[in-house]
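Have a look at the structure below before the remarks.
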Amino acid sequence: DVAEQLPPVLPEGPREESLQLVSELKDSSCSCAVDVSTVWWEAAGCRELRVVTASESAVSLWEPLAPDCWGKVYTWHLREIPVIQMIPLPDTCNLVCVALGELEIGEIRLLLYSSETDSSKHSLVKTGNIKAVVGLKDQRLVSSSRTMQEQQVEMVSLSETGGSKDRQALMPPEETVTAFAEVEGMREALVGTTAGNSVVVWNLKTGQLLRKMHVGYSYPASICHRAYSDSGLLFVVLSHPLAKESESCGSPAFRVVAFNPHTGRSAGVMFSCLPPGCAGRQGDVWDTAGAAVLTSGAVAVWDLLRGRCAAVLHPGPAGHWALARWAAGGAGLLAG
Amino acid sequence: CSESDLGPISLNWFEELSAEAPP
């Protein structure tokens, strides 16, 4: 509901009341949360949005019991390698995807659970030195992995039972791919950012690398979050985790950059700044809303089309916010 | 963004680049 409730323009600056705490999930296991996500879940003919929380050694599925009240349905225990990230799979039902590893992702696993038989299983989708991964519509997962000699970029089609139906190799660029983003409205297009600050475009059906376009030197290590194709242009939402504050522009949290794939040229469209004096960001984008955790322990939310910080969620009595993710379909903002 | 910044725009860029790019 958060995205729906955001006022269109806030000329006077951020307004805290535009984020409202809807409900709290309290985990009695005392383990530190590393990520949070949502998943569509179908049981007994009823499809609902459930919350998934991850600690280093366990992933828990929560269901809504009553308004503002959530109960833990099931916990998968993953004791060998720590969980470091959850990978949302848009429009996928009854499948939880997690990345495990130490500093880098070493494994991607699918977690399944049946309430009818009270049975669960894991299935291994990918191993290697995985640099970037994204879940796409239609149960597809794209990842880039690297050995000393070469980079592999691969799309895996997942079956409903947690297996891998099909694998399609994508042509790797020379530079390491650091992030992927689906292109809204174009099922067969995928964009990625590289360690050399380029945006690359693939054809997922053929595996072709269609275009490499330079982002510019202004902000190093740009990360793509989302892309939209419109009127022959590709609009890419980038975040800039390493950008320093400047007097003229402040610190960029997100930028929307328009690329012309036909010519490879680009132009900045919108610039979303961190609130003055703030630093640090771990960002997530849904539709045209960006959210990021700041080093102060606050969560900031931006309207990316207007370049406005629309809301700030300050640290609460329980402590500083450490992670923020949009729920599937923009149903809310999850913060941990 | 103006066309002078970005160059000529093609609405069919995805199909055109797919036809030109190495398989």
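Because only heavy atoms are used, hydrogens play no part in the values below, and waters and symmetry mates are left out as well, while side chains stay in. Just so we're on the same page: letters track the sequence lines, and every chain starts at 1.
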TODO: For each of A:Asn203, A:Asp230, A:Leu234, tally heavy-atom pairs with chain B at distances under 4.5 Å, and name the one with the top tally.
DONE: A:Asn203
Task: More than 12 heavy atoms from other groups under 6.0 Å of CD on A:Glu188 - done: yes
TODO: Determine the sole option in A:Trp286, A:Phe254, A:Phe271 for which the ring pair (Phe, Tyr, Trp, His ring centres under 6.0 Å) test with A:Trp302 is passed.
DONE: A:Phe254
Open item on the list: Determine whether a donor-acceptor pair (N or O, by modelled atom type, separation under 3.5 Å) exists between the side chain of A:Arg211 and the backbone of A:Pro261.
Closed with: yes
Open item on the list: Treating B:Ser10 as the side-chain partner and A:His262 as the backbone partner, does any N or O pair qualify as donor plus acceptor under 3.5 Å?
Closed with: no
Open item on the list: Taking every non-hydrogen pair under 4.5 Å, which of A:Ala189, A:Ser229, A:Gly232 racks up the most with chain B?
Closed with: A:Gly232
Task: Interface moiety of A:Leu209 toward chain B, non-hydrogen atoms closer than 4.5 Å - done: backbone
